[in-house]
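Just so you know, residue 1 is the first one in the sequence shown, and it goes up from there.
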Amino acid sequence: MSPDQGLLFGLLALLVVLLIWGRIRYDVVAFGALIACVVAGLVPATGAFAGFGHPATVTVALVLALSKALSDSGATDIFARPVQPAAGRTATHIAALGGVSGRGTPVKYLSDSDP
């Protein structure tokens, strides 16, 4: 194992420990790990933030912002009320949430094929 690999594994181990510990916000921990990799020379400074422009990253950020807005507005409570009685058992909870999702096929969204 090269010194760079050892340093990277050490940083990853520290990252996992800090994320599990939970005292520091996960975004601060992740950003700190990225900066540490840049300072250590493991990631080139010119490409450190290149991944933030990827469409998948933008999509995830938009979904998180939308879900936060829906939650804060109380719109999710409207859909949660009918599902709550079925939340007793895991199987019925999953079935109820699958029905609320629209088509009832959560696996469809994991596939990259068109309908």
Side-chain angles (χ1 to χ4, degrees):
M1 181 182 304
S2 72
D4 284 347
Q5 290 173 333
L7 182 58
L8 184 60
F9 279 120
L11 282 171
L12 285 174
L14 179 62
L15 175 71
V16 169
V17 167
L18 289 173
L19 288 172
I20 291 172
W21 185 40
R23 295 269 182 159
I24 304 170
R25 287 179 26 175
Y26 64 90
D27 53 345
V28 174
V29 172
F31 185 73
L34 177 62
I35 297 302
C37 286
V38 170
V39 169
L42 300 172
V43 174
T46 56
F49 298 101
F52 290 107
H54 191 275
T57 307
V58 174
T59 302
V60 169
L62 290 174
V63 167
L64 289 173
L66 180 63
S67 65
K68 177 68 173 155
L70 287 172
S71 178
D72 288 350
S73 72
T76 53
D77 293 335
I78 295 169
F79 294 105
R81 279 189 210 106
V83 177
Q84 283 178 339
R89 293 186 10 198
T90 303
T92 55
H93 184 90
I94 291 172
L97 288 176
V100 170
S101 71
R103 296 186 184 182
T105 55
V107 176
K108 176 196 179 315
Y109 300 105
L110 298 177
S111 171
D112 58 352
S113 62
D114 289 331

For a 4.5 angstrom cut-off between non-hydrogen side-chain atoms, does [X] reach [Y]?
| X | Y | value |
| --- | --- | --- |
| Asp77 | Arg81 | yes |
| Phe31 | Asp27 | no |
| Val39 | Ile35 | yes |
| Leu62 | Leu66 | no |
| Leu11 | Leu42 | yes |

Can you name the nearest heavy-atom pair linking [X] to [Y], along with the distance?
| X | Y | answer |
| --- | --- | --- |
| Phe52 | Leu34 | CE1-CD2, 4.3 Å |
| Val38 | Ala48 | CG2-CB, 3.5 Å |
| Thr76 | Ser71 | OG1-CA, 3.7 Å |
| Leu7 | Ala40 | CD2-CB, 3.5 Å |
| Ala33 | Leu15 | CB-CD1, 3.8 Å |

Checklist entry - With the 4.5 Å side-chain cut-off for hydrophobic clustering, are Ile24 and Tyr26 part of the same group? => result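 Cluster IDs for Ile24 and Tyr26 match.
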Item to check | Test item: Ser67 side-chain N/O and Val63 main-chain N/O as donor-acceptor pair under 3.5 Å | outcome: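 Flag set: sc Ser67 to bb Val63 pair under 3.5 Å.
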Item to check | Gln5 CD to Leu8 CG distance, which is reported to the nearest 0.5 Å | outcome: 8.0 Å
Next on the checklist: Is there a side-chain contact (heavy atoms from CB on, under 4.5 Å) between Lys68 and Asp72? Walk through the geometry before answering.
Outcome noted: CA-CA 6 Å; Lys68 177 68 173 155; Asp72 288 350; 3.2 Å; yes
